[in-house]
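Have a look at this one before I ask anything.
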Amino acid sequence: MTPALGGLPDLARRAGAALLDLVYPPSCLVCRKAVAQNGALCAACWSDIAFIERPFCERLGTPFERDLDQPGLISPEAAANPPVFHRARAVARYDSDKARSLAHRLKYYDRLELAGPMGRWMARAGADILSDADVLAPIPLHRLRLIARRFNQSAALANVVSRECGAPVETMALMRVKPTAPQVGLSRAQRAANLSGAFRVDPERAALLKGQNVVLVDDVLTTGATANAAARALLKAGAARVDLLVFARAVTTG
């Protein structure tokens, strides 16, 4: 039977994928061991990624050590120092070597093919905050850093999340207008000062965000200084709510 014309693109994609598998057999995203399909992890690497699952703080997305059977519970950190953004969700802990390796390979080694699986995991981890999202806004790079790096890993992840959840990506409304020093080694207060005034919303695009539920997208969350500065700019421009979705987040233990 001749396939319907509408099925030809799917057949072509499957044929192309099969041909690629013959030339480049599927391998684990982290250790390169053979796996059943592209974009997957081997069993060992999967078990070594510290995935974040409930119970966790509803504001910061940090996992609790034990289940207190109290839905909606927030952590002492969130109560003492509430973030500017409303809620954060993450796929994995940043102190997992495997999760950190994936984030670094995407960000520093131009491994753009990692954005697909990482973004799909993010869409699942952030399903609750994405369910009523109106727009996704990747954390922008300053233009000088974007020229040096050639791509924005947060935008690459946001594009994948968008395909999974249906919310559009707005890459031009939120701008990084101040080049900032590297955050590594800075205290929480120093990071906040470093990022003060770093973001603003383009006045010509502010209407796209006014009254909207915005989900910020980034690769890694550490102290939250970057996300707070970006969320503050979005709320000042009229966003109704700002949530945050990242691939990995730092988890501190008291």
Side-chain angles (χ1 to χ4, degrees), residues 49-97 99-100 103 121-122 124-133 136-140 154 157 174 176 178 180-201 209 212-254:
I49 288 187
F51 289 103
I52 294 175
E53 299 178 347
R54 278 191 165 85
F56 53 65
C57 169
E58 289 299 319
R59 287 296 304 274
L60 297 177
T62 49
F64 292 128
E65 292 184 2
R66 52 196 174 92
D67 190 350
L68 300 176
D69 196 24
Q70 297 182 39
L73 194 66
I74 67 171
S75 63
E77 181 184 0
N81 188 30
V84 177
F85 51 85
H86 184 58
R87 296 169 295 177
R89 298 292 182 264
V91 174
R93 296 171 60 123
Y94 192 54
D95 56 9
S96 159
D97 289 340
R100 187 167 58 250
W121 294 334
M122 289 169 65
R124 288 194 289 271
D128 60 335
I129 65 173
L130 293 171
S131 62
D132 60 352
L136 308 181
I139 295 287
S154 299
L157 292 168
L174 182 63
R176 196 165 194 146
K178 184 179 98 173
T180 53
Q183 298 278 81
V184 177
L186 300 182
S187 67
R188 182 186 294 270
Q190 289 170 330
R191 286 177 181 239
N194 185 40
L195 287 157
S196 177
F199 299 97
R200 73 177 176 88
V201 171
L209 304 176
Q212 302 294 291
N213 294 331
V214 181
V215 174
L216 277 168
V217 179
D218 206 1
D219 56 340
V220 174
L221 170 64
T222 51
T223 66
T226 299
N228 279 331
R232 190 173 288 111
L234 290 168
L235 292 169
K236 184 178 180 181
R241 189 183 69 220
V242 179
D243 292 314
L244 174 66
L245 178 61
V246 300
F247 172 69
R249 67 150 301 133
V251 175
T252 57
T253 55

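All values below were derived from every heavy atom in this structure, side-chain atoms included, with hydrogens, water molecules and symmetry-related copies excluded. Model, not experiment: these values are computed from the prediction.
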note = Here the gap from I139 atom CD1 to L244 atom CG, rounded to the nearest 0.5 Å, amounts to 7.0 Å
query = Is there side-chain contact between D243 and F85, with at least one heavy-atom pair below 4.5 Å?
reply = no
ask   = Just by distance, do the side chain of N228 and the backbone of P83 share a donor-acceptor pair under 3.5 Å?
value = no
ask   = Less than 4.5 Å apart, any side-chain heavy atom of R176 and any of F199?
value =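 The answer is yes, as the side chains (C-beta and beyond) meet within the 4.5 Å cut-off.
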key: Heavy-atom pair with the smallest gap, counting every atom of R93 and A248   =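 Taking every non-hydrogen atom into account, C-CB, 4.4 Å.
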ask   = Is there a donor-acceptor pair closer than 3.5 Å between any side-chain N or O of R59 and the backbone N or O of H86?
value =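 Judged by distance alone, yes, a pair lies under 3.5 Å.
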task = Return the set of residues passing salt bridge (charged side-chain N to carboxylate O under 4.0 Å, His left out) with D132 (not counting sequence neighbours), or none when no residue passes.
result =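 With sequence neighbours excluded, D132 shows a salt bridge (charged side-chain N to carboxylate O under 4.0 Å, His left out) to R241, given in chain and number order.
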key: For N213 against A240, the heavy-atom pair lying closest together   = OD1-CB, 3.9 Å
query = Considering all heavy atoms of both residues, which atom of V217 and which atom of S154 are nearest to each other, and what is their separation?
reply =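 Looking at all heavy atoms of both residues, the closest pair is O-CB, 3.5 Å.
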Of all pairs that satisfy salt bridge (charged side-chain N to carboxylate O under 4.0 Å, His left out), the ones with a partner from residues 218-231, not counting sequence neighbours =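 Residue pairs with at least one partner in residues 218-231: K107-D219.
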request  = Determine which pairs satisfy ring pair (Phe, Tyr, Trp, His ring centres under 6.0 Å) with at least one residue from residues 51-71, sequence neighbours left out, and list them in order.
outcome  = W46-F51
inquiry  = For V214 versus A137, what's the shortest heavy-atom pair and its separation?
reply    =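 Where V214 meets A137 most closely, the heavy atoms are CG1-CB, 3.8 Å.
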request  = State whether the number of non-hydrogen atoms from other residues, nucleotides or ligands found under 6.0 Å of K178 atom NZ is greater than 12.
outcome  = yes
request  = Please tell me if the side chains of R89 and L130 come closer than 4.5 Å, counting only heavy atoms from C-beta onward.
outcome  =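 No - every pair of side-chain heavy atoms lies 4.5 Å or more apart.
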Distance (rounded to the nearest 0.5 Å) between R100 CZ and I49 CD1 =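 Rounded to the nearest 0.5 Å, the CZ-CD1 separation comes out at 11.5 Å.
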ask   = If we only count heavy atoms from C-beta on, is the L216 to L234 side-chain gap below 4.5 Å?
value = yes
ask   = About how many Å separate CG of L136 and CE of M122, when rounded to the nearest 0.5 Å?
value = 9.5 Å
ask   = To the nearest 0.5 Å, how far apart are CG in L60 and CD1 in I74?
value = 8.0 Å
query = If you look at every heavy atom in T222 and A250, which pair is closest and at what distance?
reply =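 Of all heavy-atom pairs spanning T222 and A250, the closest is CA-CB, 3.9 Å.
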Closest heavy-atom pair and its distance - A78, C57 =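 Where A78 meets C57 most closely, the heavy atoms are CB-SG, 3.7 Å.
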query = So with a 6.0 Å cut-off around CZ of R66, is the heavy-atom count from everything else above 12?
reply = no
